[in-house]
There are 2 protein chains.
Amino acid sequence: MDIKQLHYFVTVADQLSYSKAAQRLHISQPSLSNAIKNLELEVGSPLLERNTRRVELTDAGKILYTKATLLLSQMNMLKKEMEEVKLTGSGELIIGIIESVKHWIPKVIRTYQDRFPDIHFKLLEVLGGKAVKESLRKYHTHLLITNQCIEEEDIESLPLYDEKLVLVLHRDHPLAQKESIHIKDLEQESFIISTEGFQTRADILRAFSLEQATPTIKFEIERFETALTLVRENLGITIIPENYVSEPMDASIVRKTIHSPALERTIYVAYMKNRYLAPAVQSFLEETRRNFA
Amino acid sequence: MDIKQLHYFVTVADQLSYSKAAQRLHISQPSLSNAIKNLELEVGSPLLERNTRRVELTDAGKILYTKATLLLSQMNMLKKEMEEVKLTGSGELIIGIIESVKHWIPKVIRTYQDRFPDIHFKLLEVLGGKAVKESLRKYHTHLLITNQCIEEEDIESLPLYDEKLVLVLHRDHPLAQKESIHIKDLEQESFIISTEGFQTRADILRAFSLEQATPTIKFEIERFETALTLVRENLGITIIPENYVSEPMDASIVRKTIHSPALERTIYVAYMKNRYLAPAVQSFLEETRRNFA
DNA sequence: CACTATTTATAGCATCAAGCTATTAATTTA
DNA sequence: TAAATTAATAGCTTGATGCTATAAATAGTG
C-alpha cells in the first residue's frame with residue numbers, strides 16, 4: 001500500500017469514475033483499474049462497487065477514503081516543507097563568530113534578510129583552536145568567521161579582510177606620551193595576551209620574536225574585553241585587534257599603532273568544503289564576501 | 001517520494017548505518033544505498049552525511065526524519081485500521097427491520113455481541129416495496145429482515161420463519177363472542193389494512209379472494225401499531241401478524257385465529273448476493289438463521 | 001429493437017525501477 | 001602492514017506498472 005495507490009484510489013473516489021480519474025491522473029484507464037484491483041487485494045476487502053454504469057464506495061472504501069485523503073495531504077505538506085528546506089536549509093543559519101565582527105555583521109545580516117526574511121539566525125561565539133574545526137564538522141555551525149588560519153582537507157577557508165593589531169595602554173602609562181613606539185620598548189612591561197591556542201597570541205609572539213624581543217607576560221586572557229578591563233585599571237598593556245577599540249573609547253585608555261608587519265591578523269570565513277550548502281547559506285557567504293570585495 | 005523510501009531512510013537514520021539498516025530491512029546494502037541516493041535526488045538536498053566510518057544526519061535529514069516518522073506511523077495506523085475493517089466491516093452493522101422482529105432480535109444481538117463486542121448497531125425501520133431494495137443497493141443497510149418476497153438477480157432472500165396473521169377486534173365487537181370465524185364473516189366489517197406496496201396487504205387480499213370475498217376497506221395504514229390504535233377505538237377490525245399482539249395485550253382488544261392457509265406471511269433475511277460481506281455481517285447472518293433453524 | 005456511446009474489465013506486451021551479486025574504495029583497528 | 005568493516009559503484013535480472021487493443025455491459029436514442 002503505497003502513496004501512489006492511495007492517490008489513485010482517492011481520485012477515483014472523487015470522480016466516481018475510472019475513466020475520468022485516469023484522465024486526471026494522466027494514466028490509462030486499464031492501468032488504473034489494475035492499480036485499484038491490487039489495492040483491494042492488499043486491503044483485503046472491496047473498496048469500490050462498480051458496474052459499467054456506476055461507481056460507488058463500499059463501507060471499507062469510505063473509511064479508507066477519509067484516512068487516505070488525510071495521509072495524502074500530509075504527504076504533500078512534507079514535500080512542500082522539504083522544498084523549503086532545499087532553499088533555506090533548516091531555516092536556521094548558525095554562524096560561528098569572533099567578537100570583532102560586531103562592527104560589520106549587522107549590516108550584512110540586514111541586506112541578507114531582504115532576500116531570506118524567514119531565516120532565523122544563531123550567532124555562536126567560537127573561540128580557540130580545535131573548537132573551530134569541530135563546530136563545523138559536527139554541524140554546530142554552517143559558517144565560521146574566524147581569525148584562525150585553517151588548513152584542512154575538508155574545510156575551505158577564504159580570507160575576508162585584514163585587521164591591524166594595536167597597542168592599548170592606560171592614559172597614565174609612561175609610554176602613552178611617546179610619539180612612536182617599537183616592539184623593543186614593550187619588553188619590560190606587564191603584558192596581557194590571549195591564552196595558548198589562539199591565533200592572535202601566535203601573531204603577537206611572532207612579532208616580538210621578529211625583533212628578537214620577548215614580552216613579560218603577566219596575564220593570559222580569553223576575551224579581549226577582559227584585556228581592556230585590565231588596561232583600564234593600568235595593570236598592564238596589551239595588543240589587540242583595532243576593531244575592539246575603534247568605537248567610542250573611554251577616556252582612560254589610549255591606542256597606539258606599532259609598526260611591525262607581523263602585527264596584523266587576517267579574518268577568514270570558513271565552511272565545509274564538500275558538504276552541500278543550502279542556497280540560504282551560500283547566499284550569506286556571498287553577501288559576506290561581497291561586503292569586503 | 002513514496003512510503004518505502006521514507007521507511008528506508010528512517011531506518012538508516014535510526015541505525016546510523018547502512019549495512020545494519022539493510023539487514024533490518026531485509027534488502028542488500030547496495031540497494032539501500034541506491035534508494036537513499038534517489039530520495040536525496042528527489043528532495044534536492046543531502047539527507048545523510050556519510051563517510052565509510054560514520055553516518056550522520058544533515059539539517060535537511062533531521063527535518064525529514066521527524067516528518068517521516070510521523071507519516072510512517074500514520075500509515076501503519078491506516079493499515080491496522082483497514083485490517084480491522086476487513087474483519088468487522090466498518091464497525092457498524094446496519095440492519096433494516098420490520099416491526100415484528102422486536103420479540104427475537106434482542107436475543108440474537110446479545111449472543112452476537114459476545115463475539116464482536118466492538119460492533120455498533122443501527123436498526124432502521126425499512127417499510128414498503130422499493131425502499132427495501134434500495135436500502136440494500138445503496139449501502140444503507142447490510143442486512144434486511146423483511147416480509148417482502150424479493151426476487152431479484154442481485155439480492156439473496158432467505159426465509160427465516162413463518163408468522164401467522166390473526167384477526168384483531170374490539171372486545172365489544174359482535175364477532176368477539178363468536179367461536180370460530182371465517183373470512184366470509186368479515187366482508188361487511190370496516191376493515192383496516194396496510195397501504196399499497198406492503199406484502200401483508202397482498203397476503204390478506206389473497207386470503208379474501210381465495211374465499212371469493214372482498215373486504216370493506218375503511219382505513220389504510222402504514223404501521224400495524226396504528227391499526228391497533230384504531231381497533232382500540234372500535235373503529236374497525238384488522239388482520240395483522242401475531243407477533244404484534246403476542247405481548248401483554250391491553251384488555252380492550254381481542255385476537256382470533258382465522259383458518260386460512262393464505263393468512264400467513266414469511267419473514268426473510270435479505271442481502272446483496274455478489275457483494276463482499278464482512279465477517280461481522282456474515283456472522284450476524286448465520287447467528288440469525290441458526291436462531292430459527 | 002437495433003445502434004451508438006460510454007464505461008469498466010481483460011489480455012498481452014514493453015519498459016524501467018528496484019532488487020541482487022561481485023567488486024572497489026576508504027578508513028579504522030589490531 | 002594486514003585484517004576488518006563499511007559505503008559506493010558496476011552490471012545484471014526481474015517484476016510491477018504502464019501501455020494498446022479489445023471485450024463486455026449498459027444506458028440512451030432514433
Side-chain angles (χ1 to χ4, degrees), chain A residues 1-43 46-58 61 133 137-138 152-155 272-276, chain B residues 1-43 45-58 61 133-134 137-138 152-155 272-276:
Chain A
M1 193 188 311
D2 65 352
I3 291 292
K4 205 197 286 182
Q5 281 178 300
L6 293 180
H7 183 209
Y8 286 4
F9 167 68
V10 165
T11 309
V12 174
D14 281 333
Q15 303 290 317
L16 286 179
S17 154
Y18 276 63
S19 28
K20 278 179 201 156
Q23 275 189 312
R24 175 159 302 198
L25 291 166
H26 306 296
I27 60 172
S28 72
Q29 169 268 313
S31 303
L32 184 55
S33 282
N34 235 339
I36 300 290
K37 201 175 69 183
N38 289 335
L39 183 60
E40 285 179 326
L41 274 175
E42 192 179 341
V43 167
L47 302 169
L48 294 161
E49 181 88 359
R50 44 205 184 272
N51 49 51
T52 53
R53 215 63 205 168
R54 179 168 297 137
V55 174
E56 274 177 301
L57 285 167
T58 64
K133 295 169 200 165
R137 293 207 178 105
K138 299 271 188 189
E152 302 271 335
E153 271 291 319
D154 53 346
I155 297 178
M272 293 298 288
K273 204 177 263 177
N274 300 315
R275 181 180 291 170
Y276 166 83
Chain B
M1 193 186 312
D2 64 354
I3 290 291
K4 204 197 288 180
Q5 280 178 301
L6 292 180
H7 183 209
Y8 286 4
F9 167 67
V10 165
T11 309
V12 175
D14 281 333
Q15 303 290 318
L16 288 180
S17 153
Y18 276 65
S19 28
K20 278 180 201 156
Q23 276 188 312
R24 173 159 303 198
L25 291 166
H26 306 295
I27 61 172
S28 72
Q29 168 267 314
S31 303
L32 184 55
S33 281
N34 235 340
I36 300 290
K37 201 174 72 182
N38 289 336
L39 182 60
E40 285 179 326
L41 273 175
E42 194 178 340
V43 168
S45 45
L47 301 169
L48 294 160
E49 181 89 359
R50 44 207 184 271
N51 48 54
T52 52
R53 216 63 206 170
R54 176 169 298 140
V55 174
E56 275 176 298
L57 285 167
T58 64
K133 294 167 199 164
E134 279 233 340
R137 294 209 177 102
K138 299 270 188 190
E152 302 271 335
E153 272 291 318
D154 53 346
I155 296 178
M272 293 297 289
K273 204 177 262 176
N274 301 315
R275 181 180 292 171
Y276 165 83

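The sequence lines fix the lettering, A, B, ..., with proteins before strands; numbering per chain opens at 1.
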S.K.: Give a yes/no answer on whether the side chain of A:Ser33 brings an N or O atom under 4.0 Å of OP1 or OP2 in C:dT8.
M.R.: no

S.K.: Please, which pairs that meet salt bridge (Lys or Arg N to Asp or Glu O under 4.0 Å) have at least one residue in residues 32-43 of chain A, sequence neighbours excluded?
M.R.: A:Glu40-A:Arg50

S.K.: What is the separation between atom CG on B:Asn34 and atom P on D:dA8, rounded to the nearest whole Å?
M.R.: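 For the pair B:Asn34 CG and D:dA8 P, the rounded distance is 10 Å.
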
S.K.: Tell me, please, which residues at least two apart from A:Thr11 pass side-chain contact (heavy atoms from CB on, under 4.5 Å).
M.R.: A:His7, A:Gln15, A:Ala21, A:Arg24, A:Leu25

S.K.: Could you tell me how far apart B:Asn38 (CG) and C:dA18 (P) are, to the nearest whole angstrom?
M.R.: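 For the pair B:Asn38 CG and C:dA18 P, the rounded distance is 6 Å.
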
S.K.: For A:Asp14, enumerate each residue passing the side chain to side chain donor-acceptor pair (under 3.5 Å) test, keeping only those at least two apart in sequence or located in another chain.
M.R.: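 In terms of side chain to side chain donor-acceptor pair (under 3.5 Å), with neighbours along the sequence ignored, A:Asp14 is linked to A:Tyr65.
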
S.K.: Within this structure, what is the CG-to-P distance between B:Leu6 and C:dA18, rounded to whole angstrom?
M.R.: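 In whole Å, C:dA18 P and B:Leu6 CG are 13 Å from each other.
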
S.K.: Look up atom CG in A:Leu32 and atom CD in A:Gln5, then write down how far apart they are to the nearest 0.5 Å.
M.R.: 11.0 Å

S.K.: Can you measure A:Lys4 atom NZ to C:dA17 atom P for me and round it to whole angstrom units?
M.R.: 10 Å

S.K.: Take the protein atom CG of A:Leu39 and the nucleotide atom P of D:dT17, then report the distance between them rounded to whole Å.
M.R.: 11 Å

S.K.: How far apart are the closest heavy atoms of B:Thr58 and B:Pro46, and which atoms are they?
M.R.: OG1-O, 2.8 Å

S.K.: Between B:Ser31 and C:dA18, does any side-chain N or O lie under 4.0 Å from OP1 or OP2?
M.R.: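 It does not, given that no N or O in the side chain of B:Ser31 lies less than 4.0 Å from OP1 or OP2 of C:dA18.
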
S.K.: Return the value, rounded to whole Å, for the distance between atom CD of B:Glu40 and atom C1' of D:dA7.
M.R.: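 Distance, rounded to whole Å: 12 Å.
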
S.K.: What is the distance, to the nearest angstrom, from the NZ atom on B:Lys37 to the C1' atom on D:dA7?
M.R.: 12 Å

S.K.: Kindly state which residues belonging to residues 13-30 of chain B come within less than 4.0 angstrom of DNA chain D, counting heavy atoms of the residue only, listed by number.
M.R.: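 Contacting residues: B:Ser17, B:Tyr18, B:Ser19, B:Gln29, B:Pro30.
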
S.K.: With sequence neighbours left out, write down each residue that passes side-chain contact (heavy atoms from CB on, under 4.5 Å) with B:Ser19, or none if nothing qualifies.
M.R.: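 Counting only residues at least two positions away or on another chain, B:Ser19 forms a side-chain contact (heavy atoms from CB on, under 4.5 Å) with B:Ser17.
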
S.K.: From CG of B:Leu32 over to P of C:dA18, roughly how many Å is that when rounded to an integer?
M.R.: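 Nearest whole value for this atom pair: 13 Å.
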
